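To start, the structure itself, in structure tokens.
One-based numbering, in listed order, for ligands and for the atoms of each. All values below come from the heavy atoms of this structure, side chains included, with hydrogens, waters and symmetry mates left out. Because the structure is predicted, anything quoted here is derived from the model rather than measured.
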Amino acid sequence: MENTYELVVGLEVHAELSTKTKIFCSCSTEFGAEPNTQICPVCTAMPGALPVLNEKVVEYAVKAGLATNCTISKNSKNDRKNYFYPDTPKSYQISQFDKPLCENGYIEIEDDFGNPKKVRILRIHIEEDAAKLNHNEYTGGTLVDLNRSGVPLIEIVSEPDIRSSAEADRYLKKLKSILQYIDVSDCKMEEGSFRADVNVSIHKKDEPFGTRCEMKNMSSFKSIQRAIDYEKSRQINEVEHGNTIVQETLRWDDFEGKTFQMRDKEDAEDYRYFPEPDLVAIKLSDDYIENIRNSLPEMPESRKKRYIEELGLSEKDANFLTSSKAYSDIFEEAGNICKNYKAVCNWLNSDIARILNEKELEPEKIPFSAEYLAKLVELIDKGTISSSIGKKVLDELFENPRDPKSIIEEKGWIQISDENSIKNVVLKILEENQQSVSDYKAGKDRALGFLVGQAMKETKGKANPKMLNEIFLNELKK
Ligand code: ADP
Ligand code: ZN
Ligand code: MG
């Protein structure tokens, strides 16, 4: 039954721009300050206070537009979006309505069959963030923190081109990585600087699109995927029971694994948009736009090409590294120090990715520096430690980042490469395992692996594995 229905998803992403100051005043945008300490008459809507547009906001938004293949409007403007709610002291939000800065772009992702697919971008516009409402569970009251009021946002609106929750996930991750590459947003989801409104509908393939339901302000990739899958089945179930889907705003409850109705959906006319009279129109010259285009940094596609052609990595490795700017940056920095790019890549795509996954951390959260990763690689390359000790060093780097050299000294993990010491261990193990010795001599090669394993155990993984093997072979020949 499910197969006859197709899922349709469109995403509206809000990303906080990493400008130093707010969009219409010079208050700081720094996250985490004491409530209501980064405010002024403009962002608290004192009568008579007038906004002045921060030029950096325009520059960052244009950058985002160019990086997502948009056309940049040379004539753009701001509009008032009116609504009454305690998070907006002016009772309107300054946004952009019919003349957004950027239009008609696309982001390329992979579809569920691994083929390239373009998700079209309808528009990117600039607007101000609202204040943060802190609900107090104990007293039941709500406190308003205006520090966030006036923090610059871009809203990136996709066309309804996404057809599965996995595609939505790839689109969001790609978009996040693009914004990070061009350095216009830190996209810290846990601080709310990258959040999505998720629009979901279903229809039968030969019929028009169904009515969409919207889940606002979602900021976890996992929850977004779960919420889309849940909504798809819920809507199919409704339709199958002869009910109609009504346009509404839903709330996803991660604990219950369900959506709940919040309110009927407002339409654009409810906001009574009109041009913002306190700001001038935004007029951009060709030169201005071209200068920004020329200042764009190297994008993932070009880094990928370089990794394959110049550093000899496989396409799979290059894809992995460039999937996140954090991986790509630490890879290049560590590789430039130790010159063993392949080894750095292997640490990142195996053990480091696994640990991040277990801890549910994003790659930006790698707690140690590229320098430490490079040192870890060098210690193994020089034979100071074995790769199995390397894994223990990595665990330490995650727990309490410090110089790998100090870690191995402190823990006594330096590899034993002294021939006499290793020979003593070998002789002891041979003495204790006569049966394995006879097995080996009777042609059972596997017995050697067992003996080496015992010697490694004896030395707590510190014996130089190459020397250990050679000395065993020598002794067994006797
Ligand atoms: P609003 O702000 O009222 O939600 P927007 O035009 O800003 O309206 O955003 C609409 C979003 O909904 C877009 O991302 C669009 O792709 C998506 N959308 C539109 N129609 C559908 C549909 N039938 N199913 C799923 N998503 C849709
Ligand atoms: Zn201010
Ligand atoms: Mg919406």
Ring centers of Tyr271, Phe97 separated by less than 6.0 Å: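 Ring centroids of Tyr271 and Phe97 are no less than 6.0 Å from each other.
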Please determine whether a side-chain nitrogen of the Lys or Arg among [X] and [Y] lies less than 4.0 Å from a carboxylate oxygen of the Asp or Glu.
X: Glu396; Y: Lys392; value: no
X: Lys176; Y: Glu364; value: yes
X: Lys216; Y: Asp197; value: yes
X: Lys325; Y: Glu298; value: no

Distance filter under 4.0 Å to [X] heavy atoms, resulting ligand 1 atoms:
X: Leu11; result: 14 (O)
X: Val8; result: 24 (N), 25 (C)
X: Glu159; result: 16 (O)

Flag if over 12 foreign heavy atoms under 6.0 Å of CD, Glu190: yes
Residue portion contacting ligand 1 (non-hydrogen atoms closer than 4.0 Å) for Leu122: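 For Leu122, there is no contact with ligand 1 at all, from either part.
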Nearest to [atom] by heavy atom, [options]: which?
atom: atom 23 (N) of ligand 1; options: Pro160, Pro208, Gly210, Ala196; answer: Gly210
atom: atom 9 (O) of ligand 1; options: Glu231, Glu12, Glu155; answer: Glu12
atom: atom 8 (O) of ligand 1; options: Glu214, Lys216, Arg212; answer: Arg212
atom: atom 12 (O) of ligand 1; options: Asn199, Leu7, Asp270; answer: Asn199

Smallest separation among heavy atoms of Ser28 and Gln38, with atom names: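 Looking at all heavy atoms of both residues, the closest pair is O-OE1, 3.5 Å.
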Shortest non-hydrogen contact between Ala130 and Arg148, atoms and distance: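 Looking at all heavy atoms of both residues, the shortest contact is O-NE, 3.0 Å.
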Ring geometry between Tyr83 and Tyr85 (parallel below 30°, tilted from 30 to 60°, perpendicular above 60°): tilted
From CA spacing to verdict: ring-ring contact (aromatic ring centres under 6.0 Å, His included), Tyr92, Phe84: CA-CA 7 Å; Tyr92 58 83; Phe84 182 73; over 10 Å; no
Atoms of protein origin (N, O or S) under 2.8 Å from the Zn ion (ligand 2):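 Listed by chain and number: Cys25 SG, Cys27 SG, Cys40 SG, Cys43 SG.
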